[in-house]
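This report refers to the structure that appears directly beneath it.
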There are 4 protein chains.
Amino acid sequence: MASEKKQGGRPVDAAAGQALKLAALQLVREKGYAKVSIAAIASAAGVARQTLYNRWNTKADLVLDAVFEETGRFSTQPPDDAGMPCARQLESFLAEVFSHLTVDSDPLRALIAAAQEDPAFQAAFRDRFVLPRERIVTELLRRAQARGELSAERDPEMLSAFVHGAFWYRLLNGQPVDAALARAIAAEVFAG
Amino acid sequence: MASEKKQGGRPVDAAAGQALKLAALQLVREKGYAKVSIAAIASAAGVARQTLYNRWNTKADLVLDAVFEETGRFSTQPPDDAGMPCARQLESFLAEVFSHLTVDSDPLRALIAAAQEDPAFQAAFRDRFVLPRERIVTELLRRAQARGELSAERDPEMLSAFVHGAFWYRLLNGQPVDAALARAIAAEVFAG
Amino acid sequence: MASEKKQGGRPVDAAAGQALKLAALQLVREKGYAKVSIAAIASAAGVARQTLYNRWNTKADLVLDAVFEETGRFSTQPPDDAGMPCARQLESFLAEVFSHLTVDSDPLRALIAAAQEDPAFQAAFRDRFVLPRERIVTELLRRAQARGELSAERDPEMLSAFVHGAFWYRLLNGQPVDAALARAIAAEVFAG
Amino acid sequence: MASEKKQGGRPVDAAAGQALKLAALQLVREKGYAKVSIAAIASAAGVARQTLYNRWNTKADLVLDAVFEETGRFSTQPPDDAGMPCARQLESFLAEVFSHLTVDSDPLRALIAAAQEDPAFQAAFRDRFVLPRERIVTELLRRAQARGELSAERDPEMLSAFVHGAFWYRLLNGQPVDAALARAIAAEVFAG
DNA sequence: GAATAATCGAGACGGTACGTCCTGTCTTCAA
DNA sequence: TTGAAGACAGGACGTACCGTCTCGATTATTC
């Protein structure tokens, strides 16, 4: 129930797509999202500009893919449930997420910005980045409630919005997003 | 020893600046920030493009001014300290801030986005919009602690980041930012 | 020493070539030579683009073939020598040539234009279209000299250039090329 | 009833237009009309691409102007009426026109070709190049009739079409257009 | 009957050019 | 000196073709 289509035509060159993602990521890290043109990415990838348009509609779509190529595997698995207290689990989850931002904070900020002027991209970004992380925290907080580490009266969804909101708020305001912040957030959530 | 310069030449036309702010605000509300060009704003204001550049460096600067022309007077005064419980004060403050967004949520989102690719504008935006509101909430929470309505162990600054973060998070993710959210935020903050 | 090669492989599909010529002619008549792309012709013919390239190198080559598919049989046989005076023979020959242009004047003008930027095509066009018609007129004028209907001092080749030149000149300048022109040309040639 | 407009704005930079015409002419002579892109002309002129579009709509319009910049002054004045016989006058007029083609035959052929796919350009080309030369020859032939050097029964307009037609016909067929042709045409016209 | 070989439909690919749009600077005239 | 008007350099954008290429499927001839 899967493969969909395969009728004819020259097969898509996976290497070209890969090269584009790599070039995009590297250029964006190097010069900043806004200063990299579509043409520059294609050129750096040694690929025709149209080939880029064949796969992605916008620079944002490409960069979203490119960033996930690297970071997609991480941070989307709920942290280990083992004996560690939930507050500690939350802190280490946040610390790991934040650690990726040492190199990709500009792309991430740019993606959030790009989402503000393109609802389709906003939806894609939400599905692939926002919601998974939101759910992890929500689940973690529910487990904490089940284990009695968090008051049953708290609202896990609102708290999750607090957690990610604080993260976004610092990020988008140019303030540090680091291990210290992870600790402070976790502490405050469980301080209630 | 104040007015600096006044030697001659045609006086600056205050009406031109006003027309620009008005045109900017209207166009941005109508078509969305990204789809309005500087030239379009100047043209709609019946003003030369250079006249705009004489007053603002970027579209973001202009729109920031234009938005504040309308909303600047509101929401920056700490809510009334009167007998009302602090949770209620927080809720009503947030509700008022959110109520302006029925018409200006797109400009606000666009300004946050614009701040991501222009540090100078980010600083201006932070000074004029972000920090004042952040301080109001921080102060309010401190008062709540003083009045015993909030545990002294909580961190008002982190909580303020939670509050505004939740606001930004919902706003930038295309989710409703309304009175219900104001109530939920206030409730959760004081639930601890 | 003739048939060249015949070892194997799928035979060329004659129907495909035919479909291409038909589609080319129809599209060119409909939308004008310049507004028809190679891809559009192949697509209209229900044929792969490469199949077109297998047979013709350029759009001009294809259209040349396509136009001749229809009109090639006509106008290349010297007019009947019978009792008719040569002036009359010339007029009726030209009238017949011109009559085809009611539907194909745009393709013909486009082919002349195409020949200006492709020497190889210019040669092909010259061999298949220009020279045959030039020879017919030259021969006709020689016969007229032999029959005393045209002064022996005239130069048949120059006169033939006058005749076809006047035709091209009107055609390429957007002026009518019709029976009236045929009559006027023939009259002037024999007026000397 | 004259100056039209002059209200404000930066004046058009005449040097830019001049540089564009020069670059266009040189590049076209060097590489051929079809192989020169609009961008290449602008770049060679050291001018922004948009500046070119501000003045001309198409490459053909620009090249038409550029060619006339050089040749417009010549060949549009009727040849001297002095004692010279009209046949001689015609020959020398044609010889002069043809002499310009040693360097500009490709541009001229390209302009004729371009006229085939753009009625507006065809009209401009006709007004500025075709008709003036056609009239010169027509007038010259009328004078010849008045002076009894050409039979009053000949049709000067048809003969003029013969003359220019022969010229175009040779030119567009890649055959030499030189002094010998000028002589042959003049001789044949007056041979009648 | 299997191997070989050319063609076909389909469509991706590297390239080139196009015309449009926008930005920030400049140059003029008029107030 | 400011403002209105608008030209200019520069550069990105998305689109349209072109001619080539790479597939799998098809259809002949040759072994």
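Convention: sequence-line order gives letters A, B, ...; per-chain numbering from 1.
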Can you give me every donor-acceptor pair (side chain of residues 37-49 of chain C, partner residue at least two apart or in another chain, under 3.5 Å) with its distance?
| from | atom 1 | to | atom 2 | distance (Å) |
| --- | --- | --- | --- | --- |
| C:Ser37 | OG | C:Ala40 | N | 3.0 |

Between the protein and nucleotides 3-7 of chain E, which nitrogen or oxygen pairs are less than 3.5 angstrom apart?
| from | atom 1 | to | atom 2 | distance (Å) |
| --- | --- | --- | --- | --- |
| E:dA5 | N3 | C:Gly9 | N | 3.3 |
| E:dA6 | N3 | C:Arg10 | N | 2.9 |
| E:dT7 | O4' | C:Arg10 | O | 3.3 |
| E:dT7 | O2 | C:Arg10 | NH1 | 3.3 |

Sub-4.5 Å side-chain heavy-atom contact between C:Trp56 and C:Val63
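The answer is no; the side chains never approach within 4.5 Å.
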Within the 3.5 Å criterion, strictly below it, is a donor on C:Asp61 or C:Thr58 matched to an acceptor on the partner's side chain?
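C:Thr58 and C:Asp61 do have a side-chain donor-acceptor pair below 3.5 Å.
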[atom1] of [X] versus [atom2] of [N]: gap in Å, rounded?
X: C:Leu52; N: F:dG19; atom1: CG; atom2: P; result: 10 Å
X: D:Leu62; N: E:dG19; atom1: CG; atom2: C1'; result: 16 Å
X: A:Tyr53; N: E:dC13; atom1: OH; atom2: P; result: 15 Å
X: D:Leu20; N: F:dA7; atom1: CG; atom2: P; result: 15 Å
X: A:Glu117; N: F:dC13; atom1: CD; atom2: P; result: 13 Å

DNA chain F: B:Ala16 or A:Asn57, which has the more 5' nearest nucleotide?
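Checking each residue's closest nucleotide, the 5'-ward one belongs to B:Ala16.
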Taking the nucleotide of DNA chain E with the nearest heavy atom to each, does B:Thr58 or A:Gln50 sit closer to the 5' end?
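By nearest-heavy-atom nucleotide position, the 5'-most residue is A:Gln50.
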Residue-level proximity of residues 29-47 of chain D to DNA chain E when a heavy atom falls under 4.0 Å
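Output list: D:Ser37, D:Ile38, D:Ala39.
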Could you check which of E:dT20, E:dA10, E:dG24 has an atom nearest any side-chain atom of D:Arg49?
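The listed nucleotide nearest to D:Arg49's side chain is E:dT20.
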Presence of salt bridge, C:Asp106 and C:Lys31, under 4.0 angstrom
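Salt bridge flag = no for C:Asp106 with C:Lys31.
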